[in-house]
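All remarks here apply to the structure that follows.
Computation of the quantities below employed the complete heavy-atom set of this structure, encompassing side-chain atoms and omitting hydrogens, waters and symmetry-equivalent molecules. Computed from a predicted structure; not experimentally measured. In the text below, chain A, chain B and the rest are named by the order of the sequence lines, each starting its count at 1.
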There are 2 protein chains.
Amino acid sequence: MSARKTGLDATGDARPAAAPVTIQAVAAAAGVSKTTVSHVLSGNRPVSAETRRRVEKVMDDLGFSPNFFAQALNRNRSNTIALIAQDITNPFYPALARGLQAAVSNQDQVVMLFDAGAGEGALTHAFVADAIQRRADGVVIAVSDVDDDIARLREAGIPVVAVGSGASKLPIDWVTADDERIAADAVMHLHLLGHRRIATITGPLNHTPGKPRYLGYLRAMQDLDLPVEPEMIEHGEWTRESGFDAMARLAARHDRPSAVFCANDMMAIGALDAARRSGLAVPEDVALIGVDDIDAASLVRPALTTVRIPAEEIGRAAGELLLHRIAEGMTTTHRHVLVQHVLMTRETS
Amino acid sequence: MSARKTGLDATGDARPAAAPVTIQAVAAAAGVSKTTVSHVLSGNRPVSAETRRRVEKVMDDLGFSPNFFAQALNRNRSNTIALIAQDITNPFYPALARGLQAAVSNQDQVVMLFDAGAGEGALTHAFVADAIQRRADGVVIAVSDVDDDIARLREAGIPVVAVGSGASKLPIDWVTADDERIAADAVMHLHLLGHRRIATITGPLNHTPGKPRYLGYLRAMQDLDLPVEPEMIEHGEWTRESGFDAMARLAARHDRPSAVFCANDMMAIGALDAARRSGLAVPEDVALIGVDDIDAASLVRPALTTVRIPAEEIGRAAGELLLHRIAEGMTTTHRHVLVQHVLMTRETS
DNA sequence: CTGAAAGCGCTTACAG
DNA sequence: CTGAAAGCGCTTACAG
């Protein structure tokens, strides 16, 4: 660690931890049984107003807080939801986490965060093991290609909802954006603006969301009776550099496109640089549209037109699905939610 | 929720949850006592190789996984660290979370995430109550002005490390960036480039890090024997708009600065827009430097020179401090870590 | 409306 | 090297 310590300071008072007060202590002080204390706590059984008041006062005076583990051991419920995220450094996941927290916290659920760090599947396996061992009430899994992990969770009897895995072959609750429609809507938007020669810079085609966004482009072009030309299809790797290179190639053509649908914002920002480098004005010479609405999309000049994926809402929906599933238990029916995207028209189109 | 459901599909198999296998069951199947099973699990007592092998095989066959709550109830340890973050939507916090996870996960600790959602203190109080109730082994608190919450945690006997609270009056472990030096180093950088007329756009001055960054500016100007002129000090609110406005005012002066230290990147990006709007070339007419190194800093054109705060390292340091504190118990000495920032020289200076 | 007692699934002195 | 038993702090039939 390249940190420098500034040494110690010794002003602190070190009170020993307060004596842990148990339900037993409360019962004694209130002159009732543990049973009764437990019931004023849970409300599972009527307690006379007078007794209740007395017990509550004692709890307050003693600062009683029921032991979470003892409760969980009895109820066999952890009130904890695990979120396994692909890469928390990607703003999509924090927003997802926030929505999830919002949806489940009023049910007294807390979220346990696992960040796979954009790494390989090994970490995810470990996280799933943790979630099982800690008896999570449910897990939201926002990592792709993890059917085996999902299966393990279900064997352990833990409800799962997958995010962004319309791709999963497993019967399971999931919520995702409609990537194919996102792409189609982006193309429609360009078409409405008068563009006919529309290119695309795709992501990797073997995975979600690269593939559905590509298919959406194709579908829209066909629906609009626009010719799909192989020269108008460039492949990127989600990165700014790959977007730059792809756009440079398109710009160099004598029959260059008048508009480009980029499958994400990073590539679109790269494309923006390349366009200007090639002396093309945006949007006059080429219009550009991305997907995601990352922070930088609105900070860049000209500000990027893009399709926003409501990550927070996805998190909220995932939380609601999970709560349902927890309440219902495993059944044979599964819910799927497609969350609505929104077109953010800015300056590049 | 503005989502549309696509209905249900009914392909799933709904295997009932596997019968929970206990230590008792393992003991029976292996022909030993629970005591022995417990010890092969914990390694707290020698077990003959032969017995150990047999028990381990049974555990494997039965898919035994010890009940986390029963363990926690006995050991009085949750192996859980709570992270209370100001606003997980701000990229600083996810990076912090990642560093924290990295530091504590090899000690079998898991992180419980609480996102205060940039909201007021009420939520933080609730989170602290949760952390206490769930018997977190420790908490990292990355919210400012929460001395009362910190006090409650200490009363409950829970170790705390604060992030970014050099400001706290409490004797406590903390880790933070050296905001005053960050500002001073930024000014030094501009000075080295030949600038003498250096302005600043500050953040709010009543809090960390607005105040220390302002003080660092003052200190550096004095150290460099540069005059501190009130006209060269503009106050912003961390936002892009406030940066824009502040820069517009500076640009309008006949004695405008040749360089501006902006206390964060958002304001610097606003300043960049304003400078160009005023017909000033960056960095030829005005040089600009920010703080944070948000994603957009390198995506904007010209790319923003800034000072990077290593959030992930802060998280890692906080995790290490916390682990220490958990191991040592409350003592009267406290550790403080100042994490090293790094100058990212790009195109605006 | 209230209690005594069994039980949740582990760990850990105590004893051999 | 191994076990029987008490105990961690709750919840919940069962009984009154």
Side-chain angles (χ1 to χ4, degrees), chain A residues 17-56 58-59 62-80 108 132-137 156-157, chain B residues 17-56 58-59 62-80 108 132-137 156-157:
Chain A
V21 24
T22 71
I23 209 177
Q24 182 69 269
V26 173
V32 297
S33 69
K34 297 188 305 176
T35 303
T36 295
V37 177
S38 177
H39 283 109
V40 343
L41 213 47
S42 67
N44 281 345
R45 176 168 101 172
V47 175
S48 78
E50 152 60 11
T51 306
R52 163 181 303 281
R53 196 169 7 257
R54 191 150 35 95
V55 172
E56 277 169 349
V58 172
M59 284 180 169
L62 269 46
F64 171 72
S65 154
N67 184 299
F68 177 73
F69 306 127
Q71 286 189 146
L73 180 57
N74 275 285
R75 316 212 251 239
N76 203 27
R77 222 166 170 285
S78 62
N79 281 48
T80 305
D108 242 349
I132 293 175
Q133 220 245 320
R134 285 163 180 266
R135 295 338 196 229
D137 287 348
Chain B
V21 24
T22 71
I23 210 177
Q24 183 69 268
V26 174
V32 296
S33 69
K34 295 188 307 176
T35 304
T36 295
V37 176
S38 177
H39 284 109
V40 343
L41 213 48
S42 68
N44 281 346
R45 175 168 103 172
V47 174
S48 78
E50 151 61 12
T51 305
R52 163 181 303 281
R53 197 168 6 257
R54 192 150 34 96
V55 172
E56 278 170 347
V58 172
M59 285 179 169
L62 268 48
F64 170 73
S65 154
N67 184 300
F68 177 73
F69 305 128
Q71 286 190 147
L73 180 57
N74 275 284
R75 317 212 250 240
N76 203 27
R77 221 166 170 283
S78 62
N79 282 50
T80 304
D108 242 347
I132 293 175
Q133 219 244 322
R134 286 163 180 265
R135 304 313 202 246
D137 287 348

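- A:S42 comes within 4.0 angstrom of no nucleic acid atom, judged by non-hydrogen atoms across all strands.
- The CG atom of A:N67 sits 9.5 Å away from the OG1 atom of A:T22 when rounded to the nearest 0.5 Å.
- Remark: A:N76 CG to A:R135 CZ distance equals 7.0 Å, nearest 0.5 Å.
- With rounding to the nearest 0.5 angstrom, the CD atom of A:Q71 is 11.0 Å from the CG atom of B:L73.
- Straight-line distance between the C1' atoms of D:dT12 and D:dG16: roughly 16 Å, to the nearest whole Å.
- We find that CZ of A:R135 is positioned 7 Å from P of C:dC10, with the value rounded to whole Å.
- Nucleic acid contact for B:F68: none, since no nucleic acid atom lies under 4.0 Å from a heavy atom of the residue.
- For the OP1/OP2 pair of D:dG9 and a distance below 4.0 Å, the side-chain nitrogens and oxygens of A:Q71 include no atom meeting the criterion.
- Taking a pair to require two hydrogen-bonding distances under 3.5 Å in either a Watson-Crick or a G-U wobble arrangement, C:dA4 remains unpaired.
- Using a 4.0 Å heavy-atom distance criterion, A:T36 is classed as a sugar-phosphate-only contact.
- Under the side-chain contact (heavy atoms from CB on, under 4.5 Å) test applied with A:I23, the options A:P66, A:S33, A:S38 reduce to a single match, A:S38.
- In this structure the side chain of A:R54 reaches within 4.5 angstrom of the side chain of A:V32, judged on heavy atoms.
- OP1 or OP2 of D:dA4 has not a single side-chain nitrogen or oxygen of B:T35 nearer than 4.0 Å.
- At the heavy-atom level, A:T22 lies under 4.0 Å from the strands shown only through sugar-phosphate atoms.
- Mapping A:N74 and B:H39 onto DNA chain D by nearest heavy atom places B:H39 at the nucleotide closer to the 5' end.
- Nucleic acid contact for B:R75: sugar-phosphate only, since backbone atoms but no base atoms lie under 4.0 Å from a heavy atom of the residue.
- Separating the CZ atom of A:R77 from the P atom of D:dC10 is a distance of 19 Å, rounded to the nearest angstrom.
- Within the structure, a side-chain polar atom (N or O) of B:N44 is placed less than 4.0 Å from OP1 or OP2 of C:dT12.
- Note: NZ (A:K34) to P (C:dG7) measures 14 Å, nearest angstrom.
- Put simply, the side chain of A:R45 and the base of D:dT12 share no donor and acceptor less than 3.5 Å apart.
- Among the protein residues, A:N76 comes within range of no part of the nucleic acid, since none of its heavy atoms lies under 4.0 Å from any strand.
- In this structure, B:L73 places its CG atom 13 Å from C1' of C:dT12, rounding to the nearest Å.
- At whole-Å resolution of the value, CG in B:L41 and P in C:dG9 are 15 Å apart.
- A sub-4.0 Å separation between OP1 or OP2 of C:dC1 and a side-chain N or O of A:S48 is absent.
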